[in-house]
Amino acid sequence: YSIKYVIIKSNEKSVFVHLSGKLDTKSLQYIKGCDTIVTNSAVPSVIPNGVDTVIISADATALSNPDIKYVQNNCNEFYVTARSVTVQIPL
């Protein structure tokens, strides 16, 4: 088995962390209700209501994806990082 994503929950926040593969329909249903999305170069094509922050660990493919502008315009905070960076999210 391979783990495609995990959801980390605290008393105040829930974070959807995409680890591998595409953000398919099944994974998009788990994003609903999460405050933060962290992806491994996959650019979400849909941002559910309630998602506050999107962090994309981007490669060249992600940066050229037309959905990246949609994501940027539909969340309060949007960050693009290098592929080999550590992201720290306060929970």
Side-chain angles (χ1 to χ4, degrees):
Y1 296 99
S2 65
I3 299 173
K4 293 184 176 183
Y5 47 82
V6 296
I7 297 173
I8 303 165
K9 291 187 176 191
S10 72
N11 289 337
E12 297 185 24
K13 286 188 179 182
S14 57
V15 179
F16 177 93
V17 182
H18 172 255
L19 300 170
S20 66
K22 294 188 175 188
L23 285 171
D24 56 14
T25 309
K26 187 174 183 180
S27 61
L28 289 173
Q29 76 183 8
Y30 292 111
I31 290 175
K32 290 179 183 175
C34 290
D35 303 294
T36 303
I37 301 171
V38 181
T39 75
N40 186 7
S41 284
V43 179
S45 58
V46 175
I47 301 292
N49 290 337
V51 172
D52 186 51
T53 305
V54 176
I55 302 167
I56 299 175
S57 167
D59 61 11
T61 306
L63 293 175
S64 62
N65 186 320
D67 286 334
I68 204 163
K69 205 60 158 164
Y70 161 79
V71 173
Q72 187 176 13
N73 292 332
N74 286 285
C75 60
N76 291 335
E77 296 183 40
F78 174 71
Y79 304 95
V80 176
T81 70
R83 285 291 301 232
S84 60
V85 83
T86 299
V87 177
Q88 195 169 23
I89 300 169
L91 297 173

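These numbers come from the heavy atoms of this one structure, side chains and all, not from hydrogens, waters or symmetry mates.
- In the hydrophobic clustering of this structure, Phe78 groups with Val43; members are Ile, Leu, Val, Met, Phe, Trp, Tyr whose side-chain heavy atoms approach within less than 4.5 Å, directly or through other members.
- The side-chain hydrogen bond (donor to acceptor under 3.5 Å, both in side chains) contacts involving residues 3-21 comprise nothing, where partners must be two or more places apart or lie in separate chains.
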Going by atom type alone, with no hydrogens or angles, which donor-acceptor pairs under 3.5 Å involve a side-chain atom of residues 46-58 and a protein atom two or more places apart or on another chain?
residue, atom, partner, partner atom, Å
Asp52, OD1, Asn76, ND2, 2.5

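- Residue Val80 is grouped with residue Leu23 when hydrophobic side chains (ILVMFWY) are merged at heavy-atom distances under 4.5 angstrom, including chains of intermediate members.
- Residues Val71 and Phe16 share a hydrophobic cluster, clusters being chains of Ile/Leu/Val/Met/Phe/Trp/Tyr side chains in contact below 4.5 Å.
- Residues passing the side-chain hydrogen bond (donor to acceptor under 3.5 Å, both in side chains) test with Glu77, sequence neighbours excluded: Tyr79.
- Applying the ring pair (Phe, Tyr, Trp, His ring centres under 6.0 Å) rule to pairs touching residues 37-68 yields nothing, sequence neighbours excluded.
- Rounded to the nearest 0.5 angstrom, Ile37 CD1 and Ile7 CD1 are separated by 10.5 Å.
- Between the CG atom in Asp35 and the SG atom in Cys75 there is a gap of 12.5 Å [rounded to 0.5 Å].
- Pairing each heavy atom of Pro44 with each of Asp67, the nearest pair is O-CB, 3.9 Å.
- No single ILVMFWY cluster, assembled from side-chain heavy atoms under 4.5 Å apart, contains both Ile3 and Tyr30.
- Val15 and Ile31 fall into different hydrophobic clusters, where Ile, Leu, Val, Met, Phe, Trp and Tyr side chains are chained together by heavy-atom contacts under 4.5 Å.
- Partners of Asn40 according to the side-chain hydrogen bond (donor to acceptor under 3.5 Å, both in side chains) rule, which considers only residues two or more places apart in sequence or in another chain, are Arg83.
- Sorted by first and then second residue, the ring pair (Phe, Tyr, Trp, His ring centres under 6.0 Å) pairs with a member in residues 48-77 form an empty list; sequence neighbours excluded.
- Ser27 is linked by a side-chain hydrogen bond (donor to acceptor under 3.5 Å, both in side chains) to Asp24, counting only residues two or more places apart in sequence or in another chain.
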